[in-house]
Number of protein chains: 2
Amino acid sequence: MAFDMLDKRSKQVLYAVIQSYINSPEPVGSRFVTKKYPLGCSSATIRNIMSDLEDMGFLSQPHTSAGRIPTGKGYRFFVDSLMDTEKVNEGSEMSREFVGQFTRKLEGIKTDLNVMFSEVTNTLSIMSNYVGILIPPQPEKITFKRIDLIRYKGSNVVAILLTDEGIIKNRVLQVDPRFTQDDLTRIADYLNSEFSGFILDDIRGMLIKRVKDEKTLWDKLISKAIQICEQAISYSEDDIFVSGLYDVMDLPDFSNISRIKELSRAIKDKHAILKLLDEFSDAEGVQVMIGDENPVEDLKNLSIVTAPYKEGARPMGVIALIGPTRMDYLKAISMVDAVAKCVSKTFRD
Amino acid sequence: MAFDMLDKRSKQVLYAVIQSYINSPEPVGSRFVTKKYPLGCSSATIRNIMSDLEDMGFLSQPHTSAGRIPTGKGYRFFVDSLMDTEKVNEGSEMSREFVGQFTRKLEGIKTDLNVMFSEVTNTLSIMSNYVGILIPPQPEKITFKRIDLIRYKGSNVVAILLTDEGIIKNRVLQVDPRFTQDDLTRIADYLNSEFSGFILDDIRGMLIKRVKDEKTLWDKLISKAIQICEQAISYSEDDIFVSGLYDVMDLPDFSNISRIKELSRAIKDKHAILKLLDEFSDAEGVQVMIGDENPVEDLKNLSIVTAPYKEGARPMGVIALIGPTRMDYLKAISMVDAVAKCVSKTFRD
DNA sequence: TTTAGCACTCTGATTATGAGAGTGCTAATT
DNA sequence: AATTAGCACTCTCATAATCAGAGTGCTAAA
């Protein structure tokens, strides 16, 4: 979108309409603009400009004699070139205090990532009044640290997987009952010495390769070890963290039930959300998807703001806010940005 | 509620009204009753009876010239003495097939209780169209099996707690960095030999007592062990399992948003739900709470059907359905009953 | 005790009406 | 050429009026 496709005043008008509509979801009329955003011209002029903006697809009219409301394209232009980006930063300045406080809070609970992650989405949703989402690190990002295998009830074995990031997974596996605890300890030792420090996903590849290449070389124990390890690291339906559906119902955008259902449906399909958001984990900084820019059907009436969180330079996962297209983008963006930074900082230390 | 406070025909009329209203939430008129539930008398007679039933508090009128709808008291009488209890059992017969299938399904996933529990609430909510809830076993019900302590990153220790029921908890603790893995192993050995087989809650009591009574006797290691163990078994904000909020929105009872908000608020307060339902874990069989019989404010417009699940004879937790007071009690009761039996059966084996 | 009959009441859908808000166009102004 | 005042026009929304329909409660007869 070229910056100069609109003259200054058109931009001001567009800004005024969008800002006002974000503020309260009612069609914005020309007279209203002249009153609240004095641009030194009459309502008739504004009317002409608004008509042009409508022709260009930035605004639309609910009906002939109503004011204008922003279109997706309008919001997009707003986010890309109209929004006061200084205020985003300034917003960060202002929330430096928040960042400090929140980081300290996270420090205190980072030993249990589940607790920390749900704290993150809670804070996010409470502060923004939108739905907060966090995607935990996916297997392809996680570094294996060690595994422990513990005999348990008959032929069961509990496998406990520790990772560098502090993630702990446990899993109950079935093994040949003839395996003793000693056997299991040996298997674990082997796995720990071989694979510690590797990415989980890579390990899976390596394991499969080993089984193939050297089938005959490895004795039964090791072959079993590999199977066990594979099971233990296999995708464990990791939940995503979601919070704020309740509070979002207060927004006028969701005053009719079908909108709520739409949103619920969208976040119910955790797999789709995960797939969508995971793509942003490698992105640099905050990303915004507005309305039908969104590939997921149920999200076409909603907007998403995402930011990755990292451990050092390595991207780990994504946090996001989902709200109506009539979202306070400035607020949402600076919030997601700030929280992502807090999480990254906590991971670093 | 005395059985004979209503004559046979009054019961039939009450039954007809409630059944019809459960079937579709519209006030039931006298003529409608004569048509759909032929009782061998005219609509005028029905009118008189309905008027009496209203005086007795079983029915009420939304407005002067509308039909009648059941009151809480009406539903209570229905559940206690009107509902075709044979059909509850027959329902179980019919669902014997379901019980078999579902139990088999649970068998397959019982190694991971989290998976199993969420499968239970999912099935429950999908089949009933109400909100399914499961309270996992609380600390006072859980038998300690063993603990493992693993050094981890600096002064952290991962404590892994295994229980007889197959519950695995892990928890990251801070310890004096001078403790070696050997120390930790010794601590774990000590705890395992001392406490295996006891109830978690009792252990906590025993630990506190030991610290008090014999403070001087125990060396630093053991004192630390006790602390560790206490932390490890301490209440871990165990989530309750909830499912079905989305589908419940299809019910006409929740067509207006404030009802949805009410329900959301109720199930958001997991602590209240847990406290409420946990009281039913020792109850025998299915319990029903209708509307304002409910102690929780946000549930006064809703009904709950609960049943405990057990391991052998020992009650473990509760499963429940939450729905509108206009609930299909017959269906809900037989469903909760059947599912609770499936879970209990799975625990037994 | 039951019932037919009827007057009465309340709802909800439909229609009419008018104020209000806002537009688009035209002609005058800068 | 750009801006603006003025005005006719359009559409919505709230209010009120009307009326059919459903259901009741009561009375008098069976």
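Order of the sequence lines sets the chain letters (A, B, ...), proteins ahead of strands, with each chain counted from 1.
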Looking at B/K73 and B/D292, does any basic side-chain N land under 4.0 Å from a carboxylate oxygen? no
Check this one for me: any side-chain N or O of B/T64 less than 4.0 Å away from OP1 or OP2 of C/dT9? no
Send over the distance from B/I49 CD1 to D/dG25 P, rounded to a whole Å. 13 Å
Send over the distance from B/E26 CD to D/dA22 C1', rounded to a whole Å. 12 Å
Interatomic distance where CZ belongs to A/R47 and C1' belongs to D/dA8 [whole Å]: 12 Å
Phosphate OP1/OP2 of D/dT24: any B/S30 side-chain N/O under 4.0 Å: yes
Electrostatic pair A/R76-A/D80, nearest N-O below 4.0 angstrom: yes
Residue whose nearest DNA chain C nucleotide is more 5′ - B/A44 or B/P62: B/A44
Taking only the side-chain nitrogens and oxygens of B/T45, find out if one of them lies under 4.0 Å from OP1 or OP2 of C/dT3. yes
I need the CG-P distance between B/N48 and D/dT24, as an integer number of Å. 11 Å
Taking all atoms of both residues into account, what is the closest heavy-atom pair of B/I290 and B/G72, and its distance? CG2-O, 4.1 Å
How close or far is atom C1' of D/dT3 from atom CG of A/L39, stated in whole angstroms? 14 Å
5' precedence on DNA chain D between B/G29 and A/H63 (nearest-nucleotide basis): A/H63
Of all the heavy-atom pairs spanning A/F280 and A/L276, show the shortest one and how long it is. CD1-O, 3.5 Å
Can you tell me if the side-chain N/O atoms of B/R9 get under 4.0 Å from OP1 or OP2 in C/dT2? yes
Below the 4.0 Å mark, does D/dG25 have OP1 or OP2 next to a side-chain nitrogen or oxygen of B/R68? yes
Is the phosphate of C/dT3 approached by B/S42 (side-chain N or O, under 4.0 Å from OP1 or OP2)? yes
Picking from C/dA21, C/dG24, C/dA4, which would you name as closest to the side chain of A/S65? C/dA21
Roughly, in whole Å, what's the span from CD in B/E54 to P in D/dG23? 15 Å
For A/L251 and A/P324, work out which heavy atoms get closest and say how close. CD1-CD, 4.0 Å
Could you tell me the separation between the CD atom of A/Q61 and the C1' atom of D/dT10, rounded to a whole number of Å? 11 Å
Using atom CZ of B/R31 as one end and atom C1' of D/dT24 as the other, report the distance to the nearest whole Å. 14 Å
